[in-house]
Amino acid sequence: MIRKRVFFGVLFGLLAIQSLFAQRPIPQAQQFPGMGQTARPGRELADPQQAEEADGRRALLDDSTRQVYGPKTSLYFFEKDLKRNRLVLYEQDTLLNNFHNYDPVAKGGWKYQDLGNIGSAAKPVFYEIPELIGLTSGYHAYDLYFRDPAKRRYFDTKSPFTEMSAFFGGGNRNMLDIAFARNVNPRWNLGLDFNTQRIRKTLNPADRDDHMAEQNAYGLHTNYRSENGRYWFLGSYSRMKHEVNEIGGIIPPEVDPTSLYFTYEDAKVWLQNSRARDLRQDYHVYHEYKLGNGLQIYHTLDRKNQNIVFESDLTTSDSLFFNKNRFNQPDTTQNKSDFAEWRNEFGVKGSYKGFYYNAFTRLRNGRMESPFFPAEKETFNELYIGGELIGKISEKWSISADGEYLIPGAFRIHGLFVSPWLELEYTKALYKPTSMQQIYYGNHYQWNNDFDNIGVDQIKGRIKLDFKKVSLRPNLTLNRVNNYVFFNEDRISTQSSGEAFMIMPGLIANIQVGKKFRWDTEMVFTEISGEGADNFRIPQFYANTRFYFDSPMFDENVYVQLGIDLRYKSSYYAEAYNPSFQQFYLQNTFEVYAYPVADLFLDFRINRTRVLFKYNHLNSGLMSKEGYFVTPDYTGYRSFLDLGITWYLFD
């Protein structure tokens with residue numbers, strides 16, 4: 001009864017607030033966060049004496065009351081823009097949009113299937129073409145939590161810059177992120193970051209500090225350019241140690257009649273003495289030199305290592321979760337894999353008559369190693385050639401094409417057309433199955449395969465319609481996938497013998513309602529056909545919508561967003577999760593039923609400090625179901641309150 005009063009009280013409260021405060025102009029065509037929020041427009045140069053902040057925010061003052069240091073003097077850029085000769089400096093983000101969705105799955109618009117907790121194994125809900133067409137480890141369950149150094153921010157700061165973020169989730173789910181950067185001189189910057197997670201189990205914790213996930217990660221980075229601007233150097237290092245105390249899910253009531261699904265902390269789970277660890281280290285270097293007349297040479301170097309371990313004590317009740325196979329050890333499972341690679345890319349690039357061009361060759365050398373492999377080590381050598389061509393007709397019109405060929409047998413070609421009202425994208429690729437899909441010698445499962453490469457054709461289109469108070473983005477994605485490799489109902493790596501065709505129309509809408517309310521929504525409908533259709537488990541209908549009050553308050557000293565997030569997926573036989581080799585696999589007995597989940601949120605900003613409050617699962621107890629599932633035998637969040645804060649220091 002109390003939740004019902006809160007639910008309807010919030011709705012009436014949102015309407016009542018509208019008449020109390022002045023209007024704030026709302027920028028049109030804001031991108032819905034579920035599709036990846038765009039960064040704020042950057043500037044080529046930032047003058048400290050002109051560092052006036054947007055939206056009336058107050059900045060640091062010098063003795064003459066001029067604004068000196070702030071978001072416009074601590075700028076950052078990305079390697080991909082420097083490589084493509086279109087360097088843009090971005091200001092620090094102080095926007096409130098989607099700020100309350102702080103954890104990685106929520107930040108991505110709930111387009112990942114996880115195990116109902118931060119730091120748990122996760123996979124994309126929708127099919128994605130791999131970024132790398134060559135061999136990868138195949139252990140991607142914790143990719144979402146790793147910060148790829150090739151995609152990190154590089155800074156150009158006029159003063160020491162510090163960003164601190166703390167998230168205190170209900171049920172003792174805590175995250176801390178710290179970043180620091182400063183210029184040694186106007187052409188050389190150094191920085192570091194530190195990230196940690198301490199995520200208590202939501203199902204059957206033994207005590208307050210019984211964590212499901214623990215992560216310690218840090219990174220170092222630097223960028224330097226020569227005095228004449230001809231030479232640039234970017235270097236970074238990332239390390240992540242991600243440990244998960246696996247629970248195996250809730251014991252089904254049909255197995256144990258005393259086990260119930262929605263008892264949360266009192267739930268009966270399969271595993272108490274099993275642990276997974278994903279340790280990653282990645283060194284990354286990019287540097288380029290301008291020879292003259294628009295011609296440049298560049299080199300990229302990567303050294304990657306991923307060490308995977310799963311351990312379980314089979315002398316305990318944990319043994320009941322696994323099958324009867326004991327290939328390596330009878331009393332203990334210790335599945336160990338180590339994947340390492342060197343990557344060198346050499347290329348030439350430049351600009352000619354408004355076109356950017358790039359041609360490269362790339363060499364990858366690596367190995368997958370396990371103490372249980374017949375030869376202990378599986379090595380690979382890959383040679384690529386490729387290039388890219390981008391033509392920017394005007395600020396709003398562009399066309400680009402890129403491709404690469406892995407000698408022999410794998411390739412990718414990609415084209416993109418952008419106009420003020422239409423975007424078209426086409427990708428055709430033939431990529432390798434992962435190392436883990438090809439060879440695996442664990443304690444409970446083993447295989448040694450020789451799969452063919454996987455083929456895909458993908459077409460994407462988006463229409464851009466912008467009106468005074470409405471922004472619409474109707475879109476369509478078409479996929480054709482053949483030779484797809486997946487894990488079947490027996491949890492064995494398998495290659496499909498047929499093709500799958502996906503038709504995915506969608507809509508992204510941003511609507512201003514009245515003077516101070518907004519409605520953002522995204523919907524995707526998926527229809528899969530073909531002989532290989534059953535190998536993809538995707539909900540037929542996905543929706544993520546948010547209705548919120550958005551306006552300044554207290555003489556524009558505080559900016560506020562207050563509203564409700566609502567997400568929904570139609571019923572489907574979602575893939576189950578096997579912790580022993582950290583993969584999702586097909587199942588046909590447990591239907592993850594449709595269930596709308598509502599979250600109440602309050603985001604506000606005072607000067608440059610942002611604060612979030614989020615009440616998860618507001619509609620708990622108001623539905624016909626006791627709760628919801630995210631993965632077979634893993635329940636979603638119960639009702640609890642989250643708190644978070646982010647603030648910047650510019651001196």
Side-chain angles (χ1 to χ4, degrees), residues 34-36 79-80 101-153 175 177 193 195-197 199 212-219 236-244 246 276-284 302-310 335 337-341 343 364 366 368 429 431-437 440 454 485-487 493 538 574-575 577-585 630-631 634:
M35 293 295 287
E79 176 186 316
K80 64 178 182 178
N101 286 327
Y102 188 79
D103 72 84
V105 171
K107 188 179 296 184
W110 305 98
K111 290 184 178 179
Y112 282 84
Q113 177 190 345
D114 66 353
L115 306 184
N117 206 354
I118 300 172
S120 63
K123 64 177 288 290
V125 171
F126 302 102
Y127 169 75
E128 294 182 356
I129 302 176
E131 292 185 8
L132 185 64
I133 61 175
L135 195 69
T136 64
S137 71
Y139 292 97
H140 302 306
Y142 303 112
D143 284 2
L144 185 62
Y145 311 108
F146 179 65
R147 291 163 175 82
D148 187 346
K151 300 177 182 179
R152 73 157 57 250
R153 297 180 299 172
M175 303 172 66
D177 301 310
D193 53 67
N195 316 98
T196 185
Q197 296 180 7
I199 311 299
M212 181 180 186
E214 297 184 18
Q215 182 191 111
N216 290 309
Y218 63 87
S236 60
Y237 168 74
S238 288
R239 183 185 189 274
M240 179 189 78
K241 184 179 182 182
H242 194 85
E243 296 182 301
V244 177
E246 298 285 4
R277 188 197 70 194
D278 189 336
L279 175 62
R280 306 189 188 194
Q281 299 183 81
D282 193 334
Y283 302 83
H284 178 79
D302 283 281
R303 167 59 176 169
K304 300 175 181 286
N305 183 259
Q306 183 182 15
N307 184 266
I308 303 294
V309 177
F310 175 80
N335 297 333
S337 300
D338 191 88
F339 184 87
E341 69 164 284
R343 188 185 310 181
R364 291 182 71 226
M368 173 66 91
Y431 61 91
K432 288 186 175 183
T434 69
S435 175
M436 193 270 176
Q437 291 170 338
Y440 178 73
I454 303 164
V485 178
F486 59 97
F487 294 87
S493 178
I538 300 173
E575 294 184 35
Y577 181 69
N578 186 335
S580 71
F581 54 64
Q582 301 176 21
Q583 304 292 332
F584 289 83
Y585 65 93
V630 292
T631 291
Y634 289 88

Do [X] and [Y] have side chains that get closer than 4.5 Å, going by heavy atoms?
{"X": "I118", "Y": "M212", "value": "no"}
{"X": "F146", "Y": "L144", "value": "no"}
{"X": "F339", "Y": "N305", "value": "no"}
{"X": "M240", "Y": "R147", "value": "no"}
{"X": "Q583", "Y": "S493", "value": "no"}
{"X": "F486", "Y": "Q437", "value": "no"}
{"X": "V630", "Y": "Q113", "value": "no"}
{"X": "Y577", "Y": "Q582", "value": "yes"}

Is [X] salt-bridged to [Y], cutoff N-O under 4.0 Å?
{"X": "E131", "Y": "K151", "result": "yes"}
{"X": "R280", "Y": "D278", "result": "yes"}
{"X": "R153", "Y": "D193", "result": "no"}

Per the side-chain contact (heavy atoms from CB on, under 4.5 Å) rule, which among V485, T136, L135 passes with P433?
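Testing P433 for a side-chain contact (heavy atoms from CB on, under 4.5 Å) against V485, T136, L135 leaves exactly one candidate, V485.
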
Testing R364, E341, H284 for side-chain contact (heavy atoms from CB on, under 4.5 Å) with D302, which one passes?
H284

Mark yes or no: K123 above the aromatic ring of Y112, with NZ or CZ under 6.0 Å from the six-membered ring centre and no more than 45 degrees from the axis.
no

Approximate separation, where rounding is to 0.5 Å, of H242 NE2 and E214 CD:
10.0 Å

Looking just at side-chain N and O atoms, do N335 and Y440 make a donor-acceptor pair shorter than 3.5 Å?
yes

